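The structure appears below as structure tokens.
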Amino acid sequence: MSTDFVVRLIGMFIFGIAGAYFGNYLGADLFQVPQIKQPLYPPVIGFLGALFGLVLSPYITTRPMRYLRSLVKRIDARTLVAALVGLIAGLVVAALLSFPISLLPKPLGEVLPFFAVILLSYFGIAVFVMRQHDIFSVLSSRLSQRKTNIDDQQ
């Protein structure tokens, strides 16, 4: 079985269940007259949800992952390393700032830490990728100096 087929089946199942719950919600809210039986909303909307899940689930899951995989294959290894280090640095700074930001009054203290994580992660990646040549040149000069010092000691 292919990955697309398995994802389609899982998406069909999930969207079908979600459609049945939504149909049950519609049927319960629209028809509250005791003499009228509950209509066929849950199975009909569940079936429509299953069809949508069967058709749309690869476009939500596997196709974007294939695109990202092909994009990552084209990116230089130095750029990936710089982006990863920048992400880690941004997340560390965001973690240090999130606690004081969370002490703000109610709406800001709940929302701003999330935005700080997103923003600082992006800035970390952007800065480290833009300055990757400088960072790697400093690291390579430090490593060559250290190697020279170790060779001199032996």
Side-chain angles (χ1 to χ4, degrees), residues 1-140:
M1 282 204 266
S2 70
T3 306
D4 274 348
F5 182 69
V6 172
V7 168
R8 282 181 192 268
L9 288 178
I10 292 170
M12 182 180 78
F13 182 72
I14 291 172
F15 276 83
I17 290 174
Y21 276 114
F22 183 67
N24 191 23
Y25 172 75
L26 280 179
D29 281 353
L30 293 178
F31 298 99
Q32 294 187 0
V33 181
Q35 292 85 10
I36 300 176
K37 292 184 179 180
Q38 189 174 2
L40 295 175
Y41 282 125
V44 169
I45 295 180
F47 179 71
L48 289 174
L51 284 177
F52 278 121
L54 190 63
V55 173
L56 295 179
S57 58
Y59 295 103
I60 297 170
T61 57
T62 57
R63 304 258 166 92
M65 288 307 295
R66 283 185 192 157
Y67 173 73
L68 287 175
R69 190 178 303 147
S70 69
L71 183 68
V72 167
K73 284 181 183 177
R74 289 182 275 161
I75 296 175
D76 185 32
R78 292 181 105 180
T79 306
L80 284 175
V81 169
L84 180 64
V85 171
L87 175 66
I88 291 170
L91 287 174
V92 166
V93 172
L96 292 173
L97 288 178
S98 66
F99 179 69
I101 291 174
S102 69
L103 297 176
L104 290 173
K106 188 78 170 184
L108 295 176
E110 294 175 353
V111 177
L112 282 182
F114 173 73
F115 286 117
V117 167
I118 299 297
L119 189 68
L120 290 170
S121 297
Y122 172 74
F123 283 151
I125 292 171
V127 167
F128 274 71
V129 167
M130 284 189 285
R131 305 300 297 204
Q132 69 181 332
H133 299 295
D134 299 334
I135 293 168
F136 283 114
S137 66
V138 167
L139 287 177
S140 65

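All figures in this text were calculated on a predicted structure; none of them were measured in a lab. Residue indices begin at 1 and follow the sequence shown. These values consider heavy atoms only, across backbone and side chains, with no hydrogens, waters or symmetry-generated copies.
- Among residues at least two apart or in separate chains, side chain to side chain donor-acceptor pair (under 3.5 Å) pairs with a member in residues 77-89 are Thr79-Gln132.
- No side-chain heavy atom of Val93 sits under 4.5 Å from any side-chain heavy atom of Phe123.
- Closest approach of Val7 and Ser57 over heavy atoms only: O-OG, 3.3 Å.
- The side-chain heavy atoms of Pro64 and Leu68, taken from C-beta on, include no pair separated by under 4.5 Å.
- No side-chain heavy atom of Leu120 sits under 4.5 Å from any side-chain heavy atom of Leu91.
- Between Leu9 and Phe13 the shortest side-chain heavy-atom distance does not fall below 4.5 Å.
- Here Phe128 contributes atom CZ and Ile88 contributes atom CD1; the two are 9.5 Å apart, rounded to the nearest 0.5 Å.
- In this structure, Phe136 places its CZ atom where more than 12 heavy-atom neighbours from other residues, nucleotides or ligands lie under 6.0 Å away.
- Contacts classified as side chain to side chain donor-acceptor pair (under 3.5 Å) and involving residues 85-113 (residues at least two apart or in different chains) are given here: Lys106-Glu110.
- The two residues Ala116 and Ala94 come nearest to each other via the heavy atoms O-CB, 4.1 Å.
- Residues Arg8 and Met12 form no side-chain contact, since every pair of their non-hydrogen atoms from C-beta on lies 4.5 Å or further apart.
- Counted within 6.0 Å of CZ on Arg131, heavy atoms from surrounding residues, nucleotides or ligands total 12 or fewer; the atom is thus considered open.
- Put simply, CD1 on Ile101 and CZ on Phe114 are 13.5 Å apart, with the number rounded to the nearest 0.5 Å.
- Closest approach of Ile45 and Gly19 over heavy atoms only: CG2-O, 3.2 Å.
- The closest donor-acceptor contact from the side chain of Ser70 to the backbone of Tyr67 lies under 3.5 Å.
- Here CG of Leu119 is found 9.5 Å from OH of Tyr122. Values are rounded to the nearest 0.5 Å.
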